[in-house]
Amino acid sequence: MRKLFALIAVLGMLTIGASTMLKAQEATEATETEQVQATSIGSSDEDVVESTSLHAAIKQKFIEGGAGFMAAVILCLIFGLAIAIERVIYLNLSDTNTKKLVAGVEDALNNGGIEAAKEYCRNARGPVASIFYQGLMRYDQGVDMVEKSVVSYGSVQMGLLEKGLTWISLFIAIAPMMGFLGTVIGMIEAFDNIQAAGDMSPALVAGGIKVALITTVGGLIVAMILQVFFNYCNSKIEGIVNNMEDASVSLLDILVKYNQKNK
């Protein structure tokens with residue numbers, strides 16, 4: 001019985017100690033949570049103020065640069081980005097695993113013949129699969145006709161890959177030109193103010209020069225952003241075209257082996 005009472009007493013002491021520690025831990029966690037919330041509220045307020053001030057600063061510079069020229073620069077950015085994003089999506093969808101495609105066409109050709117290979121290419125996506133399908137469509141006319149068909153349709157697919165890049169390059173050229181035009185007009189206004197006032201006051205010159213510099217900076221920023229997308233698209237097209245050429249050579253080799261096998 002004494003052992004039983006001692007065990008009950010020990011368990012009671014442990015329970016009381018555990019509850020006390022649990023309450024202390026909960027109090028500590030509550031304090032830390034309040035501190036984190038206070039810190040997050042303070043930081044969020046600072047972020048809101050900072051983002052608001054940034055937005056206000058950009059808006060102010062846009063107004064100071066002149067609504068007409070700055071609007072033209074922004075339109076170049078919007079249309080250029082729209083075309084660039086569409087090209088990036090299209091090119092990434094066109095970039096396929098050509099080695100896997102060539103292996104699949106070879107397997108289908110060896111197991112099911114030309115029709116199976118055409119069906120495999122028809123179900124695959126990308127310009128390489130389209131080129132293969134057009135070449136296989138001319139198989140009954142000979143390997144030479146297949147080669148001509150692949151080369152001709154390869155040019156068509158290359159044109160589709162490069163579609164829209166001319167517009168991006170146009171916006172890259174127009175955006176800084178609009179900025180420079182705003183620069184020239186701002187300088188003309190500055191000299192007109194000097195002529196009207198008959199005095200070489202720094203305040204008169206500063207206004208026109210400020211407008212000139214803002215429009216120039218806006219045009220250069222837009223051109224740099226679009227230039228990054230333009231170079232990315234060109235790099236992607238070069239990679240896809242190289243894969244197309246390598247895969248076309250592989251297709252011709254496969255068809256030559258298939259001819260020799262079926263003779």
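Numbers here are sequence positions counted from 1. We use all heavy atoms of the structure for the numbers below, so side chains are in, but hydrogens, waters and symmetry mates are not.
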Under 3.5 Å, is there a donor-acceptor pair between the side chain of [X] and the main chain of [Y]?
| X | Y | result |
| --- | --- | --- |
| Ser152 | Lys148 | yes |
| Thr216 | Phe180 | no |
| Arg87 | Gly164 | no |

Atom of [X], atom of [Y] and distance for their closest heavy-atom approach:
| X | Y | value |
| --- | --- | --- |
| Ala247 | Phe132 | O-CZ, 3.2 Å |
| Ser250 | Val102 | CB-CG1, 4.0 Å |
| Tyr133 | Arg122 | OH-NH2, 3.0 Å |
| Ser248 | Ile131 | OG-CG2, 4.1 Å |
| Ala175 | Val73 | O-CG2, 4.1 Å |

Distance check, rounded to the nearest 0.5 Å: [X] atom [atom1] versus [Y] atom [atom2]?
| X | Y | atom1 | atom2 | answer |
| --- | --- | --- | --- | --- |
| Arg138 | Asp144 | CZ | CG | 14.5 Å |
| Ile168 | Phe229 | CD1 | CZ | 9.0 Å |
| Glu147 | Leu252 | CD | CG | 5.5 Å |
| Glu162 | Cys233 | CD | SG | 11.0 Å |

Common cluster, Val156/Met145, ILVMFWY with side-chain heavy-atom separation under 4.5 Å
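No.
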When you group the ILVMFWY residues by side-chain heavy-atom contacts below 4.5 Å and let the links chain together, are Val217 and Met224 in the same group?
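Both belong to a single hydrophobic cluster.
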Side chain proximity check, Pro127 to Leu160, heavy atoms < 4.5 angstrom
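They are not in contact (no side-chain heavy atoms under 4.5 Å apart), so the answer is no.
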List the steps, then state whether side-chain hydrogen bond (donor to acceptor under 3.5 Å, both in side chains) holds for Glu238 with Asn242.
CA-CA 6 Å; Glu238 288 178 2; Asn242 289 333; over 6 Å; no
With Val146 as reference, evaluate Leu136, Leu255, Val256, Asp140 under the side chain to side chain contact (heavy atoms under 4.5 Å, CB included) test and give the passing residue.
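The option that passes is Leu255.
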Counting heavy atoms not belonging to Tyr90, are there more than 12 under 6.0 Å from its OH?
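It does: Tyr90 OH has more than 12 such atoms within range.
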Do other residues, nucleotides or ligands put more than 12 heavy atoms under 6.0 Å from Phe230 CZ?
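Yes - once you tally the heavy atoms of other residues, nucleotides and ligands closer than 6.0 Å, there are more than 12.
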Derivation and outcome, side chain to side chain contact (heavy atoms under 4.5 Å, CB included), residues Phe79 and Phe171
CA-CA 8 Å; Phe79 289 122; Phe171 291 129; 3.6 Å; yes
